[in-house]
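For ligands, and for the atoms within them, numbers begin at 1 and follow the listed sequence. Numbers for residues simply follow the sequence, beginning at 1.
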Amino acid sequence: MKIILVGYGRMGKAVEDAALQRGHSITAKVDPAAEDAGVVKTLTPDLLKNADAVIEFALPQGIETNAELYAKTGVPAVIGTTGWDDRRKAIADLVTRSNGTALWGNNFSVGAHLLFKLTAEISRLTEKLPDYDIMIHEFHHKMKKDSPSGTALTLAEKVLENNRRKTVIQTQTLDRAIKPEELHVVGIRGGFLPGTHTVTVDGPCDTVELTHTARSRDGFALGAVMAAEWLIGKKGFFRVEDFIDDLFKKEL
Ligand SMILES: NC(=O)c1ccc[n+]([C@@H]2O[C@H](COP(=O)([O-])OP(=O)(O)OC[C@H]3O[C@@H](n4cnc5c(N)ncnc54)[C@H](O)[C@@H]3O)[C@@H](O)[C@H]2O)c1
């Protein structure tokens, strides 16, 4: 595949390595701020016309402009950029209306999706065990701009979908006791950690902890490239879970 990278920061560079390793070529890298050789500042329809897919790991401020260009040119786009939940519906409508192709996800690591599945299962199992409470925490590097992470919020949604005792995601620092229906979700920032997420299930006598630890950005990058391969030939607005569910079905 001929791939265009939109955003050439830490993730863009990891995606470039993963794509080359899987035999793809990078036909353009677009980033308004990157100083690296061969990077262009602006995304144009002409650039997109010659590509089989776009993989975007940029910042959410540019999401509408970029999504409009993807939809207009019909190039399939994998969007790894996080922090645009409030604009998801509008962009989904735009892609569908234009008969375009896009797939978005807050986490492209296959290992993290194993944690999502296990979190759904443990939440379901503990629904009828009122002594067992659930909480979520995550660690990320000091450069990360959003908190809690998109992945932590996805984990929280898995809990709420599968355990009716939890109905509210609570991300604030509390100056009171937590309510039984609240699910506390907190992010801790510092150092260089690429991302560690833990779902803790705690009862009066014991604790169960499910942890996903990213050792580098390579797992996210590989998942994004695999998602782009999966997306070719499809039409519509997809979530990364659509690709992952197919992958897990194939592996089972
Ligand atoms: N979905 C996932 O699996 C996953 C994993 C890791 C990071 N992320 C997300 O990916 C994004 C990038 O992460 P990063 O660690 O590479 O950040 P980064 O800060 O290293 O790089 C982001 C780059 O995007 C560029 N950029 C900003 N606006 C742009 C635009 N309109 N067009 C093109 N480039 C633009 C910036 O100049 C910067 O170089 C963030 O939103 C992050 O939360 C997602």
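Listed by number with element, the atoms of ligand 1 under 4.0 Å from a non-hydrogen atom of V30 are 33 (C), 34 (N). For ligand 1 and G9, the ligand atoms under 4.0 Å from any heavy atom of the residue are 16 (O), 20 (O), 21 (O), 23 (C), 39 (O). Heavy-atom proximity to V6, at under 4.0 Å, picks out these atoms of ligand 1: 32 (N), 33 (C).
Partner of E182 under the salt bridge (Lys or Arg N to Asp or Glu O under 4.0 Å) criterion, chosen from R176, R165, K166: R176.
At the shortest separation from atom 20 (O) of ligand 1 among protein heavy atoms lies R10 N, 2.9 Å. Taking atom 5 (C) of ligand 1 as the reference point, the nearest protein heavy-atom neighbour is F220 CG, 3.7 Å. What sits closest to atom 37 (O) of ligand 1 on the protein, heavy atoms only, is D31 OD1, 2.7 Å. The nearest heavy-atom contact from the protein to atom 22 (C) of ligand 1 is F57 O, 4.1 Å. The shortest contact between atom 42 (C) of ligand 1 and any protein heavy atom is with T82 OG1, 3.7 Å. Of all protein heavy atoms, the one closest to atom 16 (O) of ligand 1 is M11 N, 2.8 Å.
The side chain of K144, and not its backbone, has at least one atom closer than 4.0 Å to an atom of ligand 1 (non-hydrogen atoms only; side chain from C-beta on). Heavy atoms of F108 found under 4.0 angstrom from ligand 1 belong to the backbone as well as the side chain.
Counting only non-hydrogen atoms, the option in G62, S149, G7, P32 that gets closest to atom 29 (C) of ligand 1 is P32. Here atom 9 (C) of ligand 1 lies nearest to G80 when heavy atoms of G80, P60, A58 are compared. When T81, L43, N66, N106 are ranked by how near their heavy atoms come to atom 2 (C) of ligand 1, first place goes to N106.
Side-chain contact check for E56 and T81: at least one donor-acceptor pair (N or O, by modelled atom type) lies under 3.5 Å. Between the side chains of T207 and D202, at least one donor-acceptor pair of N or O atoms lies under 3.5 Å.
Within a 6.0 Å sphere centred on NZ of K41, heavy atoms belonging to other residues, nucleotides or ligands number more than 12. Atom NZ of K234 is surrounded by more than 12 heavy atoms from other residues, nucleotides or ligands within 6.0 Å. With a 6.0 Å radius and a threshold of 12 heavy atoms from other residues, nucleotides or ligands, R164 has its CZ atom at or below the threshold.
Under a 3.5 Å cut-off, the side chain of S216 and the backbone N or O of D218 do form a donor-acceptor pair.
In this structure, G105 counts as a contact residue of ligand 1, since one of its heavy atoms falls inside 4.0 Å of the ligand.
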*Kindly indicate, with the supporting measurements, whether the criterion salt bridge (charged side-chain N to carboxylate O under 4.0 Å, His left out) is fulfilled by K13 and E16.*
CA-CA 5 Å; K13 291 183 174 99; E16 179 174 36; over 6 Å; no
Begin from the C-alpha positions of K144 and E138 and carry the test salt bridge (charged side-chain N to carboxylate O under 4.0 Å, His left out) through to its verdict. CA-CA 12 Å; K144 186 162 175 63; E138 50 99 348; over 6 Å; no
Worked check of side chain to side chain contact (heavy atoms under 4.5 Å, CB included) between Y70 and V95
CA-CA 8 Å; Y70 306 149; V95 172; over 6 Å; no
